[in-house]
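By convention in this document, chain letters (A, B, ...) are assigned in the order of the sequence lines, proteins followed by strands, and residues within each chain are numbered from 1.
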Protein chains: 2
Amino acid sequence: MSKASSSVDRVYDRLRQMAANFEFKPDERINESALSTKLGASRTPLREALNRLVAEGFLTFQNGRGFFCRSLSPKRIVDLYEARQAIECEALRRAIARASDEEIRAVLDYLNETEPHYKTCESTMELLEMDEDFHIKLALLSGNSELVSMLRNINDRIRYVRLVDLKMILAKKQIAKNEGAKLSAHRIVLNALAARDEDAAVLAMRNHIERRREEATEAVRIAYSQLYVPAE
Amino acid sequence: MSKASSSVDRVYDRLRQMAANFEFKPDERINESALSTKLGASRTPLREALNRLVAEGFLTFQNGRGFFCRSLSPKRIVDLYEARQAIECEALRRAIARASDEEIRAVLDYLNETEPHYKTCESTMELLEMDEDFHIKLALLSGNSELVSMLRNINDRIRYVRLVDLKMILAKKQIAKNEGAKLSAHRIVLNALAARDEDAAVLAMRNHIERRREEATEAVRIAYSQLYVPAE
DNA sequence: TCATACAGAATTGTATACAGCAATATATGC
DNA sequence: GCATATATTGCTGTATACAATTCTGTATGA
């Protein structure tokens, strides 16, 4: 009746979350026995899940030495941001060609609903989730499930750094506070999409992501230090 | 000293090849016991390899029912071609910004060396390999390893259809035979790259891939029938 | 003829065992 | 004290066993 999720799936979901949040430290070696008892499953399903995560880029694997957390390097994050630009801009192009006005309208409704919270929201994690949701909804308009799953993968792999980046931005906004009247980047993209203006939409999207990409190196630096500083 | 490749790795490489070539028929269920004896390894490493391939999009997995070959649908192939456009065009942009003249020159040398064979080559498989190699070399100029590995994944997943497509093209060329003097699409892209002309390069690349994408539906139809017709 | 129920066979899901390798600690020579 | 060799420990890699589930074929009833 309900979902009969297997041990592998449970373990996989949990591990993916842990890996995304860098609950394994960068380059840390993963002890299978310890982890298997912690997750309440034997090593067999655990290793199957670990292998999936290797293929997805969350972990690495060295023969005879086992599984390791991926490293956290600025270069890698910048590469992923570039890949994100590629995927999201392509998705946008396809959305312009294929999405119905109603579908676009639905995303606009979501934006209208969530945008007020951009300023007031307390939790940066919630903020990031809203942001990711918006981008995924946009990508879904492309009708291309490969692009969507690629974007999901990238988002999960850069989430930790994005969270740090977002905190940086908010800290600066507190000082600057001049963003009030300006159209949000999301709205600019969506307006161009609704007008079926491909060049404007793609350009806006590229710039939107580009701005974050430029901050990536600093964000990684902060993220790195944060991972090795006790949480007070 | 040399690579101490494990059982999982051997099995994985072999399975990936088999999956790419649709040696498993679309949607076919995979019998683990039979496959493990065939590959000379027990089910444990086999399943680890299968899990990797699921994450890479070569296979699917249903809880309690096991592993299946991915299905072969025009929609999926078209989606992958679109993703390829996204990746390769982005890589090209970055190559224009970052690749040195020497690096570009090296790819040009490769093109000069291989292009003569485009017309004479007997084996369509070899032809496709040369084509893939060219595109990978181009992507490598981006300096972005994420884009490269994404492209590799896509190429492996559409290879079977591309092979069929290539045979179609060659069959038509036999009749048309008017391609002699025209610049190859590869050369147009590479020239624009060397001239650091982003718009021209990206446009040429998009068109180059677009042409194949348009043929995808027909190619899939042929591929599908070919898979179920005895090889005489 | 079709749907349903059931029994047996086949297959998957997971735990466990153990051999072999890698990392670490200990001992030895200089 | 330092480097090198050696023993010990711990962990990984793979095979195998068995329980749980799914599938297949057959029989039964409408």
Side-chain angles (χ1 to χ4, degrees), chain A residues 1-19 22-71 228, chain B residues 1-19 22-71 228:
Chain A
M1 193 88 272
S2 64
K3 58 147 193 220
S5 115
S6 72
S7 185
V8 183
D9 288 335
R10 277 190 302 100
V11 168
Y12 167 78
D13 289 339
R14 179 88 185 86
L15 283 180
R16 192 180 157 106
Q17 201 181 5
M18 292 172 72
F22 277 105
E23 293 179 38
F24 307 111
K25 299 273 177 286
D27 302 307
E28 178 188 352
R29 184 175 175 167
I30 292 171
N31 186 319
E32 296 172 16
S33 323
L35 193 55
S36 73
T37 57
K38 177 177 171 182
L39 299 184
S42 79
R43 280 180 56 219
T44 309
L46 170 63
R47 282 178 60 103
E48 292 187 10
L50 290 170
N51 271 286
R52 286 196 213 173
L53 292 166
V54 168
E56 289 179 294
F58 289 98
L59 305 175
T60 62
F61 174 76
Q62 281 178 267
N63 208 309
R65 310 213 321 124
F67 297 87
F68 297 78
C69 182
R70 69 194 187 284
S71 52
Y228 290 98
Chain B
M1 191 93 275
S2 65
K3 58 143 194 229
S5 115
S6 71
S7 186
V8 183
D9 288 335
R10 277 189 301 102
V11 168
Y12 168 78
D13 289 340
R14 179 88 186 86
L15 283 180
R16 192 179 156 105
Q17 200 180 6
M18 290 172 72
F22 276 104
E23 292 179 38
F24 307 111
K25 298 275 177 285
D27 301 306
E28 178 188 350
R29 184 176 177 167
I30 292 171
N31 186 318
E32 296 172 17
S33 325
L35 194 54
S36 73
T37 57
K38 176 177 172 182
L39 299 184
S42 80
R43 279 178 58 220
T44 309
L46 171 62
R47 281 177 61 103
E48 292 188 9
L50 289 170
N51 271 286
R52 288 196 211 171
L53 291 165
V54 168
E56 289 180 293
F58 290 98
L59 304 175
T60 62
F61 174 76
Q62 282 179 265
N63 206 311
R65 310 214 320 124
F67 297 88
F68 298 78
C69 183
R70 69 195 186 283
S71 53
Y228 291 98

Trace of the side chain to side chain contact (heavy atoms under 4.5 Å, CB included) decision for B:L59 with B:L15
CA-CA 10 Å; B:L59 304 175; B:L15 283 180; 5.8 Å; no
Centre of B:F22's six-membered ring, under 6.0 Å away, within 45 degrees of the axis: is that where NZ or CZ of B:R70 sits?
yes
With sugar-phosphate taken as primed atoms, P, OP1 and OP2 and all else as base, the protein-contact string of nucleotides 8-15 of chain C at under 4.0 Å (heavy atoms; B, S, -) is ---SBBBB
Length of the line joining A:L59:CG and D:dT12:P, which is rounded to integer Å
13 Å
One should read off an interatomic distance between B:E32 CD and B:R47 CZ, to the nearest 0.5 angstrom, of 4.5 Å
Can you tell me how far apart CG (B:L39) and CG (B:L46) are? Round to the nearest 0.5 Å.
6.5 Å
Side chain to side chain donor-acceptor pair (under 3.5 Å) against B:R16, all qualifying residues, sequence neighbours excluded
B:Y12, B:E56, B:D156
